[in-house]
Amino acid sequence: MKIINKPSDNFIHDIINADLAADLAAGKRTEVVTRFPPEPNGYLHIGHAKAICLDFGTAEKYNGRCHLRFDDTNPEAEDEEYVQAIQKDIKWLGFDWGDHVYWASNYFDTMYEYAVRLIKKGKAYVCELTQEEFKNHRGVPTEPGTEPPGRDRSAEENLELFEKMKDGEFEDGSCVLRARIDMTSPNLHMRDPALYRIKRATHHNTGDKWCIYPMYDFAHCIEDSIEGVTHSMCTLEFEVHRPLYDWILQELDVFQPQQIEFSRLNLTYTVMSKRKLLELVNEKLVNGWDDPRMPTLCGMRRRGFTPEAIRKLCGIVGATKVESISEVELLESCVRDDLNETSPRAMAVIDPIKVIIENYPADLVETFDLPNHPKKEELGTRTVPFSRELWIDAMDYTDVPLNNKYKGFAPGREVRLRGAYLATCAAVEKDSDGNVISITCTYDPDSKGGSAPDGRKVKGTIHWVSAQHAVDAEIRNYDRLFTEENPLANKEADFKDLINPDALQITTAKLEPGLAQAKPGDRYQFERVGYFCADLDHTEAAPIFNRTLTLRAPRKV
RNA sequence: UGCCCGAUAGUGUAAUGGAAGCACAUGUGACUUUGACUCAUAGGGUCCAGGUUCGAACCCUGGUCGGGCAACCA
């Protein structure tokens, strides 16, 4: 299949199209290889989803391949737990790396050889300055730095010192290997950056084999090069690292991938940095990485968001170099759009009040087969019991309707009990404080199914649950994590003070009985309320449902 | 006061020298056995100033504003 002349979705594909055309013209092999390179030091969030969609999506588009590569060059931060979680989340999102899973740590031998090569060329040296001392030599952005002592040592000496570093003859932090580039460069990253540091830490993959570990700048370009990555996409903050990326590979004279930077995904009412999310977890402001309020993929999964919706969002926001904050409404729209199509309907009463149907036989139970989806017959039907006493939602009763959009009961008012009968409110019983305790009504036995033989119309259709059959459930109502669109906008303030106290509100509800059999993760639309999914901890005996999102347009009565 | 990057409706994103579109959000209306969905409809935009050109969101010059960069993190 021809892989050039694919329509462009973004500036990155423009670049790839041009590269492929040039390769073709030069008679070279045309190929696209990308990679997603997480450090296994935390959970993936929706910002990573954007990168994943770009990396895997681009490879798919050009019939190339995308590698999953764990960038495990800092053993102190990394953990096997994250390795498993990252793989699970990528698969959940719908992408597959096939056999192409790699580890930076598998290239440690090659990296060491490459470092030796640089030393031999006089392009790297062992520097014994402390961090603080080197900082003084590096200087500040507005002034050139100065060359540190020992910079002009012979290659032989450096080779010997570097070998001693590797052999553990020096203390942690006593020296580093530096690239010998230009201490006066206007780009701080080119002022003799560190390539290797000494760190006695057990690596999850290489154990105690190494006591020196390569820095990101040295490791990443080499990883890309070894794997034959053609287009190495990363976020904007690495733009100033690109000259170094290119310098290292040129000095090494090895295959040179192209680094392309794009802007991170930001969403309103949340934060997207691993460090800040970790703070929320550590300070127990949320219940772990998979708290449904979190923008992590595992949190969103538990919340009930779908991978399809997240992928759709990533497609819509695209890839540019503009630093932007997308409105969370866009994500929510993608989620509702998908859930509306796919989730079966059910009835659940969140804020129950009792309805007694005076003229309905006390011992009668009828069942109704209601469609699971109003527009998709193929989703089938479920059986819902109906009896003399029902639960309806408190919002569906009022003494005096405030406007003509009101759908519920009011004294003398007839409404449709969804899928069952028309019923007219006869009386209401209140406690001494004026709170509604119960409503009595009469039903029209000829309106079975919800329509009257005389064809009369009713204003509203409300949902209900048979009281004697209702299943009690815990409902976790989730909302936005922060009260501010951009919790980080005020640099003086602590973003953690801006957490929305109402982002989780736990209530109990009356569910139609079939819902108890839901399996953890099953998604539903509770009609007229919102989208919900059975929580990870849900059981038939103790049902728990998470509110994914309310339906659009909050009720204004 | 160094270097790098960016700037198109409220938000995100197209238009690559030839009619400024789309989506979300918002307003109005229709439909509805979900105040959902669906459908129709409205408002609203090229940071500023010059220049090149028959023609500029796009090219050039100068500003303005926003972001990034001074870990032995990635």
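What you see is a predicted model; the values in this text were computed from it and never measured.
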Which atom pairs link the protein and nucleotides 69-74 of chain B when you take only N or O atoms and keep those under 3.5 Å?
{"unit_1": "B:C69", "atom_1": "O2'", "unit_2": "A:H189", "atom_2": "NE2", "d": "2.9"}
{"unit_1": "B:A70", "atom_1": "O3'", "unit_2": "A:R138", "atom_2": "NH2", "d": "3.3"}
{"unit_1": "B:A70", "atom_1": "O2'", "unit_2": "A:R138", "atom_2": "NE", "d": "2.8"}
{"unit_1": "B:A70", "atom_1": "O2'", "unit_2": "A:R138", "atom_2": "NH2", "d": "3.4"}
{"unit_1": "B:A71", "atom_1": "OP2", "unit_2": "A:R138", "atom_2": "NH2", "d": "3.1"}
{"unit_1": "B:C72", "atom_1": "N3", "unit_2": "A:G173", "atom_2": "O", "d": "3.1"}
{"unit_1": "B:C72", "atom_1": "N4", "unit_2": "A:L129", "atom_2": "O", "d": "3.2"}
{"unit_1": "B:C72", "atom_1": "N4", "unit_2": "A:G173", "atom_2": "O", "d": "2.9"}
{"unit_1": "B:C73", "atom_1": "OP2", "unit_2": "A:R197", "atom_2": "NE", "d": "2.9"}
{"unit_1": "B:C73", "atom_1": "OP2", "unit_2": "A:R197", "atom_2": "NH2", "d": "2.9"}
{"unit_1": "B:C73", "atom_1": "OP2", "unit_2": "A:K199", "atom_2": "NZ", "d": "3.1"}
{"unit_1": "B:C73", "atom_1": "O3'", "unit_2": "A:R197", "atom_2": "NH2", "d": "3.1"}
{"unit_1": "B:C73", "atom_1": "O2'", "unit_2": "A:N74", "atom_2": "ND2", "d": "3.0"}
{"unit_1": "B:A74", "atom_1": "OP1", "unit_2": "A:T73", "atom_2": "OG1", "d": "2.7"}
{"unit_1": "B:A74", "atom_1": "OP1", "unit_2": "A:R197", "atom_2": "NH1", "d": "3.3"}
{"unit_1": "B:A74", "atom_1": "OP1", "unit_2": "A:R197", "atom_2": "NH2", "d": "2.9"}
{"unit_1": "B:A74", "atom_1": "OP2", "unit_2": "A:Y216", "atom_2": "N", "d": "2.8"}
{"unit_1": "B:A74", "atom_1": "O3'", "unit_2": "A:D71", "atom_2": "OD2", "d": "3.0"}
{"unit_1": "B:A74", "atom_1": "N6", "unit_2": "A:H241", "atom_2": "NE2", "d": "3.2"}

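Distance from the side chain of A:K375 is smallest for B:C37 among the nucleotides B:C37, B:G6, B:G12. Here the side chain of A:E527 is nearest to one of B:U34, B:U33, B:C4, namely B:U34. The nucleotide whose nearest atom lies closest to any side-chain atom of A:R345 is, among B:A25, B:U34, B:U13, B:U34. The nucleotide whose nearest atom lies closest to any side-chain atom of A:R528 is, among B:G12, B:A36, B:U34, B:U34. Here B:G67 is the nucleotide among B:G67, B:U34, B:G6 with the atom lying nearest to any side-chain atom of A:K491.
On a pure distance criterion of 3.5 Å, a polar donor-acceptor pair joins the side chain of A:Q525 and the base of B:U34. With hydrogens and angles ignored, a donor-acceptor pair closer than 3.5 Å exists between the side chain of A:E327 and the base of B:G10.
Whole-Å rounding puts the A:N340 CG to B:U38 C1' distance at 9 Å. If you take CD1 of A:I260 and C1' of B:C4, they are 17 Å apart, rounded to a whole angstrom. To the nearest angstrom, P of B:C3 lies 19 Å from CD1 of A:I181. Rounded to an integer number of Å, the gap from A:L265 CG to B:G67 C1' is 16 Å. One interatomic measurement links the two molecules: NZ of A:K457 to P of B:C31, which rounds to 11 Å at whole-angstrom precision. In this structure, the CE atom of A:M347 is 16 Å from the P atom of B:U33, given to the nearest Å. In this entry the distance linking CG of A:N266 with P of B:G6 reads 18 Å, nearest Å. Atom CG in A:L488 sits about 11 Å away from atom P in B:G68, given to the nearest Å.
Comment: A:E308 does not engage A:K312 in a salt bridge, judged by the lack of any side-chain N to carboxylate O separation of less than 4.0 angstrom. Looking at A:R528 and A:D396, a side-chain N of the basic residue comes within less than 4.0 Å of a carboxylate O on the acidic one, giving a salt bridge. By the 4.0 Å N-to-carboxylate-O rule, A:E332 lies close enough to A:R480 to be salt-bridged with it.
Base pairing analysis places B:U28 opposite B:A40; the two distances defining the Watson-Crick or G-U wobble pair are each below 3.5 Å. A 3.5 Å limit on both hydrogen-bonding distances identifies no Watson-Crick or G-U partner for B:U1. Pairing for B:G62 goes to B:C48, judged as Watson-Crick or G-U wobble with the two contacts each under 3.5 Å. Of all nucleotides present, only B:G12 satisfies the Watson-Crick or G-U wobble test against B:C22, with each distance under 3.5 Å. Pair check for B:A57 finds none; no Watson-Crick or G-U wobble contact set falls under 3.5 Å.
Only the P atoms considered, B:A42 is 11 Å distant from B:C22, to the nearest whole Å. Taking atom C1' in both B:A9 and B:A23, one finds a spacing of 12 Å when rounded to whole Å. Nucleotides B:G67 and B:U61 are separated by 25 Å at their P atoms, to the nearest Å. Across the C1' atoms, B:G6 and B:G63 are found 16 Å apart, a figure rounded to whole Å. When the P atom is compared between B:G62 and B:G2, the two are found 14 Å apart, to the nearest whole Å.
Sequence order on RNA chain B of the closest nucleotides to A:L417 and A:E329 puts A:E329 first from the 5' end. The residue among A:L331 and A:A420 whose nearest nucleotide of RNA chain B lies closer to the 5′ end is A:L331.
Among the atoms of the strands shown, none is found under 4.0 Å from any heavy atom of A:L236. At the heavy-atom level, A:R242 lies nowhere under 4.0 Å from the strands shown. Within 4.0 Å of A:I462, counting heavy atoms only, lies no atom of the nucleic acid at all.
At least one donor-acceptor pair closer than 3.5 Å links the side chain of A:S343 to the backbone N or O of A:L339.
Annotated as anti: B:A20, whose O4'-C1'-N torsion sits more than 90° from 0.
Proximity of A:T320 to the phosphate of B:U13: a side-chain N or O atom is located under 4.0 Å from OP1 or OP2.
Between A:E341 and the choices A:R523, A:K375, A:R336, A:K376, the salt bridge (charged side-chain N to carboxylate O under 4.0 Å, His left out) rule is met once, by A:K376. Residue A:I212 is tested with A:M111, A:K166, A:R197, A:K199 for a side-chain contact (heavy atoms from CB on, under 4.5 Å); the sole match is A:K166.
Judged as a ring-ring contact (aromatic ring centres under 6.0 Å, His included), and not counting sequence neighbours, the contacts of A:H48 are A:H45.
The aromatic rings of A:F108 and A:W210 lie perpendicular to each other, with more than 60° between the two planes, well past the 30° mark.
Cation-pi contact between A:R178 and A:F134: present, with separation from the ring centre below 6.0 Å and deviation from the ring axis of at most 45°.
Counting only heavy atoms from C-beta outward, the side chains of A:F70 and A:H204 never approach each other to under 4.5 Å.
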